[in-house]
Each structure stands twice: as structure tokens, then as C-alpha cells.
Asks: 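Encoded as C-alpha cells, here's the structure I'll be asking about.
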Number of protein chains: 2
Amino acid sequence: MNRTASIKDVATHAGVAVGTVSNVLNYPDRVSDRTKERVLRAIDQLGFVRNDAARQLRIGHSRTIGLIVLDVGNPFFTSVVRAAEDAAALQGSAVLLGDSGHNASREANYIDLFQEQRVQGLLISPVGDVTDRLDLLRERGVPTVLVDRLADESKFSSVAVDDDAGGYLAARHLLDTGRRRLAFVGGPTSIRQVADRLQGAQRAVKEEPDASLEVLEAEGQTVLAGRSAGNMLVARGRAELPEGIFCANDLLALGVMQSLTMTHTFRIPEDVALIGYDDIDFAASAVVPLSSVRQPTQLLGRTAIELLSEEVESQNPVHRSVVFTPELVVRQSTAAPDAG
Amino acid sequence: MNRTASIKDVATHAGVAVGTVSNVLNYPDRVSDRTKERVLRAIDQLGFVRNDAARQLRIGHSRTIGLIVLDVGNPFFTSVVRAAEDAAALQGSAVLLGDSGHNASREANYIDLFQEQRVQGLLISPVGDVTDRLDLLRERGVPTVLVDRLADESKFSSVAVDDDAGGYLAARHLLDTGRRRLAFVGGPTSIRQVADRLQGAQRAVKEEPDASLEVLEAEGQTVLAGRSAGNMLVARGRAELPEGIFCANDLLALGVMQSLTMTHTFRIPEDVALIGYDDIDFAASAVVPLSSVRQPTQLLGRTAIELLSEEVESQNPVHRSVVFTPELVVRQSTAAPDAG
DNA sequence: CAAATTTTTTGAATCGTTTCATTGGTACGA
DNA sequence: TCGTACCAATGAAACGATTCAAAAAATTTG
């Protein structure tokens, strides 16, 4: 019982040819019930497990899809990964997951590894500036779909979420519930997502002549950054407080919420309305349940797999960019002030 | 430019034999500088990428390690995964990640998939009851290390964290800071981790004749479950409030914190001390920074890979169980009452 | 300079599948 | 009975790498 059994061993043991065993595995209909049964018994007795390397070598490609994300710890990506795995499983493929951790060289390592594995294709949420590496992929002929990043449609398919629309949704919601003096709290606008969300919010505010939007730069995307932004607001006193605050993500919003409620001087949503972005698990279970903007991560993952399949099937490249619209999730933190 | 180049194409292009190309790839020292250079140039020009399936087929095993976790979304596992990936990369292997989602059939799928891939070995945090499936693995001769679960040392190596010790640490810390009437808030004690943590806490409390430990069953491991447990405590009034609360995980602790601080009647840590478990990111950035018990996840992942390597190298199975001791992380939520 | 030694290169054999043209057998209609 | 289909089963060839004994080339030694 040293070496694992091969298809040849199974054939000998069942008294048939290797081709027949292969047929049992791949085209059961071509084999008569009697021999099929015999082969299956042999497989069971020998504990045979198909060697995927040999199969791949013959077939020419694997049944795996490479997926490289920026940060598996980020709930956004975790959810995308889950959905992609499920969608891939449905079509009989498995997902190889790589975490670049925003690091270009780790990303490059995974790209090489996945190429050696002859993945059917690649889903990638690329690190920083990118054109060179992606062009290389294109040359190598690896079907690739960009995730959470728009692409030149002549070159790649991509799936993304419309952050501008998300920002608009959030700000519009604050306006619709009667708030006029708004504030945006967000990290460096050099991050595309942050800039887009702000832009969408500004677009909404421009629709109301008597509304205003103040921008508060936060030094990061964390709870602590949110708290220090919040402390700044608290220090101003009641008269200067905005009526509605839109934070570029939920962590910031939770930080702001902490500083506003900690001092017991302001109430949410009566004095200030607060809305975040991403709808992380903690949003619903915050002290005051946090309104937020939810990205359709499931749909994102599933669609990415579908676009990749399209690329794999047809050889003439017809790339598509799919942009999803995020969804407003209303909770107590933005309840209308008169209703309170 | 249709098919990807093979080692044969490279050999032809460089005017050498296939064996030479292989040597350049695997034993560069055996090849003279002149031909090495010629081969490398050919590789570059043809965009050759080694076909790992063919390599594997010949070698007999892959350079990958399978890792099946219960929940990639759980920060505990995310951290273990990261560490395992890094440790594996250091020894030239890659990690194939599978997420069973506490689902036995998904787990079984991954086990099969990984076996077809001829992984070098398997790290697994198994779902529920387990003996049958793991015995099967043993029979098949797949080197396996259990993660976060103790194993019969005659059968498997394993890495785990001593939850009893963690519970002891937490309770001992509350006692050391002068608290006597303690409470434990935790999910169903059918979960091994919860039961062990409670047991450790009880052990610590028994060391102090005048100390007591009350057990509050929570209906889950979530913020909301913590909040309802907290509400129950608040309803009792000040006299009945325990002096120190130990929660089976940080989410519960954050929930308890919310209900205690929300009502503005109790202060942490002056009126009640609060300590959680896991040291998730949110612990440090809570309204009152939360003391917690940190599990050495990095070490866990790294050690798991090391144990697996041992199993892979030697054929006579000498299994080892490594149990780590968690670490106390003291923050404001358990500051000594006199110091406040 | 020839012999001995070392270094470099060669190429056929091999790993375990899938594929597919071929063979053997059976049934049916003429 | 023969010819024609059809169905099952066969087994050699191919996929692309690594290995290794043997040949070739380069270097050292006497």
C-alpha cells in the first residue's frame, strides 16, 4: 500500500483496459452497466483517486480559476470570494485564492504561480498602477477579468460598483430626510473609491439650492480616524454641527458615532444623522444601528465568474464592463428627526 | 502565438537538448554560463512558463499544501491563513485555501479536490465530529495536521491554543485588579472553546476564597447576544451588578459594553471591569478600549506548516501535539478601580 | 601529447491521464 | 447467409516536464 493506485492498476484489478476505466470516469454512458460496476468496485477497493496533474497535462488546462484580491481580511473581498467560489463550483471549477496584501511583488508571485498551474483564467483586483503587468497578462493570452476596477474595454472585461452612485444615494437620503447642512468624512481623496463617493455626494447636494456639503479630511479609513474627526465636530459646539454626516466607510462612521455619543451631548439621529458605506456586520449592531450603503458583493463575484467564462469560451475577445449600483440600507442612525 | 511554448520549443529555439533546458531551470550550476544565457534568452523570447502539471506528474507530488478552515471571514482563521501562507512560501510551497463554512459536505469536496491535486499535505480545522473522515485521510496516507483541535497523538499531529489557560488568564486578571464578584457571559457550552474558557475561569476563581463566578448563558456569539445579556445585568440595578465580566469572545463583550454605557448609569472600568477574548481589531477601538485575550494565531499557522513538513519528510509517523498559551492584552476596560 | 579526469550536454524513458482509430461482438433486415 | 449498423471495449499515442546513464567536450595531469 505504498504508492497510490493509478488508472492502470484499476484496469488490471477489474480486468479491463485503461481506456475503459477512463470512460467510466468521464463518459459513464459509453460503458455497459456490468463493466461499469466492476470498475467502480475496483476503484473503491484500491482507494483510487484521479491524478489531476496527469489529466491536466493531457487536457491542456486545469479546472481552476485564479483569484487575486487586495486583502482577504476585508469583508468586501471575503464576500466576493465566497460568491465567486460558489459560482465556480456550480460550473465545476475550483478557485485558487491569492492575497496580494496591496503588495505588487506578492501579486506578481501569484500571477506566475497561477500561470504555471495553467488556470483557466484570472480574476484580479490589481494593486496600484497596473497597466504594464496587465498588458503582460494580455500578451500571454490569459483570460482576465478585473474586479472592483474599471478597465479599458478594448483590453479587459471588468466588474465594479458605481461609487459615485453610492455617494449620491447616501447624500440624497440625508437630504430626503430633511437635513441640509451636510458633511463628508473621508480618507485621502487620492483613493479612487473615496473620491468617487465624495463626487456623488456633491452631485446630490447641488440639486438642493439651500443645501451645503463640508468636506472633512480624515487621516485614514479606521475607527480611530473617525473618532478624531468626530471629536473635532464635537468641539465646535451645537450651532456649528452639521445636520447630516456621510462617512466614506463604516469604520469611520462608527468612530464618529463613538465620539458623538460618548460625550452624551449629541443624540443620533435627533441632533445629527449619520450614514456609512459598506454595510459591514458591525453597522447593524452598533449602539445606534448605522445606515449604510451596501455593495452587491455576491453579484460582483458571481458576475466576475460569468464574464470570465465568456472569455474562456469564445476566442475572439469581446470584453464587457459591468457596473453595479449599490443599495441604500436605512437604519436608525438616519431616522427622520420629526419621527424621533 | 497560439499554443504556449513548451520546454521542447525552448530547446529548439536555443539549439540545445530538452534536458539542458530542464537543467537550467532546476540545476543552474550544472550548465555552462554560455548555454545558460542562450537558454534564458530563448525562454524570455518565447514567453515560456513552466507547465506545473507536467512537472508534478513526473515528480509525483505538487508543491502545494491544502488548508481547510471553518470560516475565512473569522479574523482568527484569516490570521492563521496569512501566517501559514508566509511560512509555506518560505519553503517554496503555496497554500490552496478551502473554506468549509462549518459544512461537512463542502469540507469533503475540498478534501477530494486537494487529493486529486496531490497536495503535499493537509492542514485542517475539521467540521464537527470527525473521526471517520479523518481516518479515511490517514488510510490514504495524506500527511495531515489538525488546526485548533486536539488529536489523538497516535494518529495525527495538531496545533491548538489552550482555552482553559486563556480563561484562567482573563479571570485571574480580573481578580488581580481587585474584583471579587465575577460573571462569565458565553454561548452554548457545547462548543468546546466556550466550555474550556469557562472551566479556566472557574479554576482561577476557586483560588480566591472570597471570589465568586456567575454564569450567564448567551444565545450566540454575537454583539446582539452580548447586548441582551448586558441589558439583563443593567436591569438588576447597581447592587447586583458583578464587579468584573469575562465574555467568551470580543463580540459578546462589545455588546455588553454597549448596553452598560448606553444607559449612562454604569461606567467601565470604574463600576464594572470587562474583558473579552480574541483581541479582534474592534477591541482596541471600542468606546472604552477592551481588554482581551490574544491567541497566537501567527505562531499557530507557522507551527502547523512546520509540523506538516516533519510529517512529509519522515515516513515513520511521529506525531506531535503543540499547544500554545494565549496572551493577556490589558486595556482601559479593566483598569484598576483605585487608579481610575 | 596522450591519458585520465572532470564538466557539460544529450535524448530516450517515464509519470498517469485522455483520446480516438480500431477491433470484436450482437442484432437486424434483406 | 450475408451485409450493415450499432455498441462496447481496446490499447497505442500524446500531453510536457524530469531523470539519468551515456556520450561528448573541456580540462588537468604526467
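Because only heavy atoms are used, hydrogens play no part in the values below, and waters and symmetry mates are left out as well, while side chains stay in. Within every chain, numbering begins at 1; the chains are lettered A, B, ... in the order of the sequence lines, protein sequences first and strands thereafter.
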Asks: Using whole Å, what does the distance between atom C1' of nucleotide C:dT7 and atom CZ of B:R30 come to?
Replies: 12 Å
Asks: Between B:R34 (CZ) and C:dT9 (C1'), how many Å, whole number?
Replies: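 Value for this atom pair: 12 Å.
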Asks: Among D:dA9, D:dA17, C:dT10, which nucleotide sits nearest the side chain of B:T20?
Replies: C:dT10
Asks: Which atom names give the shortest non-hydrogen contact between B:S93 and B:I65, and what distance separates them?
Replies: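 Nearest heavy atoms, B:S93 then B:I65: CB-CD1, 4.0 Å.
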Asks: Nearest to the B:R58 side chain among C:dT10, D:dA9, D:dT19, which nucleotide is it?
Replies: D:dT19
Asks: Can you tell me the distance, in whole Å, between the NZ atom of B:K36 and the C1' atom of C:dT9?
Replies: 14 Å
Asks: Assign each of A:A53 and A:N23 to its nearest nucleotide of DNA chain C by heavy atoms, then name whichever residue's nucleotide is nearer the 5' end.
Replies: A:A53
Asks: Step by step, would you call B:E37 with B:R41 a salt bridge (Lys or Arg N to Asp or Glu O under 4.0 Å)?
Replies: CA-CA 6 Å; B:E37 198 194 325; B:R41 186 162 43 237; 3.8 Å; yes
Asks: Counting C-beta onward and ignoring hydrogens, is there a side-chain heavy-atom pair between B:L300 and B:F324 closer than 4.5 Å?
Replies: yes
Asks: If you check the A:N51 side chain, which of C:dT10, C:dG16, D:dA17 turns out closest?
Replies: C:dG16
Asks: In whole angstroms, how far is the P atom of C:dG16 from the CD1 atom of A:I59?
Replies: 17 Å
Asks: Are A:R192 and A:D163 side-chain neighbours, meaning at least one heavy-atom pair lies under 4.5 Å?
Replies: yes
Asks: If you only use heavy atoms from C-beta on, which nucleotide in D:dG11, C:dT9, D:dA17 is closest to the side chain of B:I7?
Replies: D:dA17
Asks: Heavy-atom count around A:R320 CZ within 6.0 Å, excluding the residue itself: above 12?
Replies: no
Asks: Let me know the distance between CG of A:D29 and P of D:dC6, rounded to the nearest Å.
Replies: 18 Å
Asks: Of the listed nucleotides (D:dA17, C:dG16, D:dT18), which one gets closest to any side-chain atom of B:S22?
Replies: D:dT18
Asks: Output the single nucleotide from C:dT9, C:dG16, D:dT18 whose closest atom is nearest the side chain of B:L25.
Replies: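 Side chain of B:L25 sits closest to D:dT18.
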Asks: Between B:R118 and C:dC15, does any side-chain N or O lie under 4.0 Å from OP1 or OP2?
Replies: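 So the side chain of B:R118 is outside the cut-off, no N or O lying under 4.0 Å from OP1 or OP2 of C:dC15.
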Asks: Have a look at B:V31 and say if it touches a base, only the backbone sugar-phosphate, or nothing, with a 4.0 Å heavy-atom cut-off.
Replies: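 Touches sugar-phosphate only.
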Asks: Is B:R55 near enough to D:dT18 that one of its side-chain N or O atoms lies under 4.0 angstrom from OP1 or OP2?
Replies: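 Yes, such a contact exists.
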Asks: Please determine, for the side chain of A:A54, which listed nucleotide (D:dG11, C:dT17, C:dG11) has the closest atom?
Replies: C:dT17
Asks: Step through the shown structure and confirm whether more than 12 heavy atoms of other residues, nucleotides or ligands are within 6.0 Å of CG on B:D281.
Replies: no
Asks: So what does B:N26 touch, heavy atoms closer than 4.0 Å: a base, only the sugar-phosphate, or nothing?
Replies: sugar-phosphate
Asks: So which nucleotide from C:dC15, C:dT17, C:dT9 ends up closest to the side chain of B:L57?
Replies: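 Comparing C:dC15, C:dT17, C:dT9 against the side chain of B:L57, the answer is C:dC15.
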Asks: Less than 4.0 angstrom between a side-chain N/O of A:T35 and OP1 or OP2 of D:dA9, yes or no?
Replies: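 Affirmative; the distance criterion is met.
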Asks: Nearest whole angstrom, please: distance from the C1' of C:dG16 to the CD of B:Q117.
Replies: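 That distance rounds to 15 Å.
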Asks: If only side-chain N and O atoms of B:S32 are considered, is one of them under 4.0 Å from the OP1 or OP2 phosphate oxygen of C:dT8?
Replies: no
Asks: Hey, is the side chain of A:Y27 poking within less than 4.0 Å of OP1 or OP2 on D:dA8, counting only N and O atoms?
Replies: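 Negative; the distance criterion is not met.
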Asks: May I have the distance from B:E116 (atom CD) to C:dT18 (atom C1'), rounded to whole angstrom?
Replies: 14 Å
Asks: Given atom NE2 of A:H61 and atom C1' of D:dG16, what is their separation to the nearest angstrom?
Replies: 16 Å
